[in-house]
Structures are given as C-alpha cells and as structure tokens.
Protein chains: 2
Amino acid sequence: MAAPRHSASKEVFLEAALKIADQFGPDALTTRSLGNAVGLDATTVYRYFGNKDALLGELFDYVTGKVLAEIGSDHASPRELLMAMCAAYRSVFYAHPSVARLNGRMADMIQAGQGTAPNAMKLSGIVVSALREMGLSGRNLIIGYQMIESFIVGAIMLETEAHGHGMGVRILRYRAFGAGTPELETASQDEVAEMSDDALWAGVDAVFDAVEKMADADTASTN
Amino acid sequence: MAAPRHSASKEVFLEAALKIADQFGPDALTTRSLGNAVGLDATTVYRYFGNKDALLGELFDYVTGKVLAEIGSDHASPRELLMAMCAAYRSVFYAHPSVARLNGRMADMIQAGQGTAPNAMKLSGIVVSALREMGLSGRNLIIGYQMIESFIVGAIMLETEAHGHGMGVRILRYRAFGAGTPELETASQDEVAEMSDDALWAGVDAVFDAVEKMADADTASTN
DNA sequence: ACCTGAACACCGTTCAAGT
DNA sequence: ACCTGAACACCGTTCAAGT
C-alpha cells in the first residue's frame, strides 16, 4: 500500500533511462521508450527535463553521482584518494558503458548554468582539493587537474568501447600490427581485458608521478 | 572542360561531409544534406557506404588520414616522432572538432573487418614501430601503446569540446572551485586555451616518460 | 549500371485539449 | 496543476521504377 504516486520524480526517469541504455543500448533510449518505461506519456519527459539533450546531460551527471558514492573517505594520502577516484570512475562506467560516451554533454551542462551538473562539479572539487593537498596551486593545479581528467576520460571511453566488442577490437588491432608476443596470439578475452586494465593503471601512475613532480618543484621554489 | 563526372567518388562524399560537419555541426550531417551537397539524390549514399554509421566511421578514418599526412618523416628520435604524431593529431582534430567525437566508431570499423579503417591502423602501426625502437616489446609494448592512445584521445575530446564553447566551460569550472590564481580570474579565452594546451603537452610528456622508463627496465632485464 | 522518388517506420518536439 | 494525444517536421532506410 505505498502512497499513490501522483507524479514521478526526476530520479525515477533517470533510473529508468539508465536501465534502458544498459540493456538495449543508447539508441533504444528515446523519449517514447522512456515515457513508456515510467508508465507515463512519451511527452511528459519534456516538463521534467526540457528536452532530450538535457536529459542525457543529467543522466551523465546522475551516473557521476554513483562515482562519488563509491570513492569513500578514508584514504591515507591525496594520491590514494585520487587512485580511489579512478577506481570508482572505472567500475561505475564499466557497469554503464552507454553512458560513458555521453561525457561530451558535460560541456553543455556546465555552460548552461549553475547546478545543472552538481555531481561533476563535486567530483572536480574532490580532485582539486587532493591536488592542493599535494602542494599544487595556480597554473600547475589546473594543468595537473586537466592531465588527470584527460587520461581517465580517454581510457574509460576506449575501454568501455572495447568491452562492448568483447575485447575483439583490441585483439584484432594488436595482432594486425604484430605487437604481440606468442602469448597474445592465444590470449583470451579476459587476458586482454586484464592487460587493458594494466595499461589504465600504468597511465594513472604516470600522470600522478608527473603531478607529484610538479608539486615538488612548486614547494621547492616556494621555500 | 573537365571530364564529365559520371559518378562521385567516396572522397567527394567524405570531403562534402566534412565541410557540412565543420560548418553546421554534426547534427546537420544527414543523408539528405550530404546527397544534396554532392549534387545527388539523398539515397545515393547507401550504395557508396552502406549506411550512415559506416559513413561516419569512414569519415573518422578519412580525417585520421590527414593526421598521417601531417606527421612528416624526419624525426631525430622515436620520442620526437611520437611528439609529432600528437601535434598532428591535435592540429587536425582542432580543425575538425565535430569529427573528434566520432572516435567511438573506430571500434565498429575495426570489428567490421579488414581495410575498413586503414588510416587508423596505419597510425597505430607508426606508434607501435616507434615504441619498438624505444625498446619495448610484448606486453609492455601494448601497455605503452594504450597509455598513449588513451591520453591523446581523452585530451583531444575534452579540448575540442572546450574550444567549441569558447573555453567558457573551463573558465566557469575552474572559477567554481577556486582553482585560480588572481591571473585566472581575468584570464582571456586565449590564455585559458594556452593553459589547456600546456596541460596537453605535460600529459604527453608524463606518458612518454613512463614509456621510456618501461623501455629501460625491459632492456636492462634483457641484458 | 547508376540514379531517383515515393514510401515506411520512427524520432524529437509542440500544443491544444482533456481531467 | 498535471497528463494525453494528435500533429509536424525530419530522419535513416528500402525498393520498385526510371534512364
């Protein structure tokens, strides 16, 4: 005997949208299918989100909220917090690959105004705080931030694509230019996926190493 | 008095598609607008490319061909060749931002079979050769390759987005979490763009440093 | 052999009409 | 105040019909 639901909430729409995109792919997510999934007319979505682009932007931010929830709070160092952020980013978007490629929508959301992408802004804030704690400020803080963002966004985009193709894309590509050792020739999907993951973490380490070096240079010149 | 053009070539379609996407954005590129631009019926595109997805994939590979052409061949070291590759990638996709976000189509193209993404494969081959020359092989070669790909793809995707919004997105975001020094508060579009560019190159350096370190470890353990 | 035009199913979106 | 349904313009795609 739940209270009668007079009107849906945004979250109901977003959760339904996520389910559709996860199960049937991004193209299956239409205003009509979404309305249908929520048990309302197809056009109702327009009073809630304005238009479909805004819906997709909010969907991306909604999933970013799941990243925030997974980061946790007890980390030994700012670098480990950033590692946890990357791990959360990775695991959440691996679970929702259709949403990963909606990243480009963030630009529009942020441009659109305050509060339209609260979780993305919060996530940025977490990264920036960690970088400050590592000793970065000013121009180098921004450069460090952007290095991290670029790498994790690119890596997750390519990986979610590859997973969507059962890693076959990577295997074909690597074999084509003979990059493989004998092991690669017989590598299973899972083994290739593991290697891709190693590359992700190697890249994250490389970026963080560079960030720490910038921080050291900053504090050295300040003292 | 050029010879009468009995039928268009794929390149005519691709160049027209590129012009439409550059001028009016990706949404303006429809089978009808493309047919119109080429002076043929809207549906003719289907005999040339099969369907629109394939067209978009070939468009991305076509632009990748421009990257190849811009890399040049006289480089003092493999690392400098890779730097030139990044510079070419950057300048070409800055000129065609609408195509930059088509990166995800590559996966489908490669999966689809041989020869559907020749330029992307060639570009991969160049990177792999350079990494080999640096001393990488086997698993580390693949990890190095993937680190470079992830970073450059992510950086270019975010930067082309930001440029599309006149850098306003980055300015808003940075000011929002107080990352700025006093200079940032009054930074112009161009100055922010320059800082973004610095971040791109700092990231590239970080990745290449890590790659070189892997190469050194490899050769040390081999000797 | 290559191109066209009508046609189909579907999409984002609007708005007057319902309750 | 919230929802619906018809309607519009447009899109990707197919295919029989033209030359």
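Within every chain, numbering begins at 1; the chains are lettered A, B, ... in the order of the sequence lines, protein sequences first and strands thereafter. Values below: all heavy atoms of this structure, side chains included; hydrogens, waters and symmetry mates excluded.
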Discussion item. Is the distance between the ring centroids of A:Y62 and A:F13 under 6.0 Å?
Written reply: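 No, ring centres 6.0 Å or more apart.
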
Practice prompt. For A:F93 and A:E159, run side chain to side chain contact (heavy atoms under 4.5 Å, CB included): C-alpha distance rounded to whole Å, both residues' side-chain angles, the deciding distance at 0.1 Å, then the answer.
Written response: CA-CA 10 Å; A:F93 281 105; A:E159 283 322 289; over 6 Å; no

Discussion item. I need the minimum non-hydrogen distance between A:S196 and A:M167, along with the two atoms involved.
Written reply: OG-SD, 4.2 Å

Worksheet entry | Minimum heavy-atom distance B:V67-B:A88, with the two atoms named | O-CB, 3.7 Å

Worksheet item: Counting just side-chain N and O atoms, does B:Y46 come under 4.0 Å of either OP1 or OP2 of D:dC11?
Response: no

Practice prompt. Decide whether B:T43 and B:D41 meet the rule of one side-chain donor and one side-chain acceptor closer than 3.5 Å.
Written response: yes

Fill in: A:Y89 versus A:E70, side-chain donor and acceptor atoms under 3.5 Å
no

Worksheet entry | Short side-chain to backbone donor-acceptor contact, B:K122 and B:T64, under 3.5 Å | no

Worksheet item: Is B:T44 reaching over with its side chain to a backbone N or O of B:L40, donor-acceptor style, under 3.5 angstrom?
Response: no

Worksheet item: By side-chain contact (heavy atoms from CB on, under 4.5 Å), which residues pair with A:Q23, not counting sequence neighbours?
Response: A:K19

Fill in: Steps toward salt bridge (charged side-chain N to carboxylate O under 4.0 Å, His left out) verdict (B:R173, A:E149)
CA-CA 13 Å; B:R173 193 165 206 171; A:E149 189 187 27; 3.1 Å; yes

Any protein N or O atoms within reach of nucleotides 17-19 of chain C? Criterion: under 3.5 Å, listing atom names and distances.
none

Worksheet, complete the sentence: The correct set of residues in residues 50-58 of chain A placing a heavy atom under 4.0 Å from DNA chain C is A:N51, A:K52

For a quick test of your reading: what N or O donor-acceptor pairs under 3.5 Å do the side chains of residues 94-102 of chain A make, sequence neighbours left out?
from: A:H96; atom 1: ND1; to: A:D22; atom 2: OD1; distance (Å): 3.2
from: A:H96; atom 1: ND1; to: A:D22; atom 2: OD2; distance (Å): 2.6
from: A:S98; atom 1: OG; to: A:A21; atom 2: O; distance (Å): 3.0
from: A:R101; atom 1: NH2; to: A:E161; atom 2: OE2; distance (Å): 3.3

Response to the item:
Base-pair string, DNA chain C, Watson-Crick plus G-U, cut-off 3.5 Å on both distances, | for inter-strand, is ||.|||||...|||||.||

Worksheet entry | Separation between CZ of A:R170 and OH of B:Y145, rounded to the nearest 0.5 Å |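 A:R170 atom CZ to B:Y145 atom OH measures 7.5 Å (nearest 0.5 Å).
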
Interatomic distance where [atom1] belongs to [X] and [atom2] belongs to [N] [whole Å]:
{"X": "A:Y48", "N": "C:dG12", "atom1": "OH", "atom2": "C1'", "result": "19 Å"}
{"X": "B:D27", "N": "C:dT13", "atom1": "CG", "atom2": "P", "result": "10 Å"}
{"X": "B:L34", "N": "D:dT13", "atom1": "CG", "atom2": "P", "result": "13 Å"}

For nucleotides 4-8 of chain C, which of its nitrogen or oxygen atoms have a protein nitrogen or oxygen under 3.5 Å away, and what is each distance?
from: C:dT4; atom 1: OP2; to: B:D41; atom 2: N; distance (Å): 2.5
from: C:dT4; atom 1: OP2; to: B:T44; atom 2: OG1; distance (Å): 3.4
from: C:dG5; atom 1: O6; to: B:T43; atom 2: OG1; distance (Å): 3.1

Worksheet item: Across the strands shown, which category fits A:T30 at heavy-atom distances under 4.0 angstrom: base, sugar-phosphate, nothing?
Response: sugar-phosphate

Worksheet item: So B:D61 and B:R105, salt bridge (charged side-chain N to carboxylate O under 4.0 Å, His left out) or not? Walk me through it.
Response: CA-CA 9 Å; B:D61 200 65; B:R105 315 271 165 177; over 6 Å; no

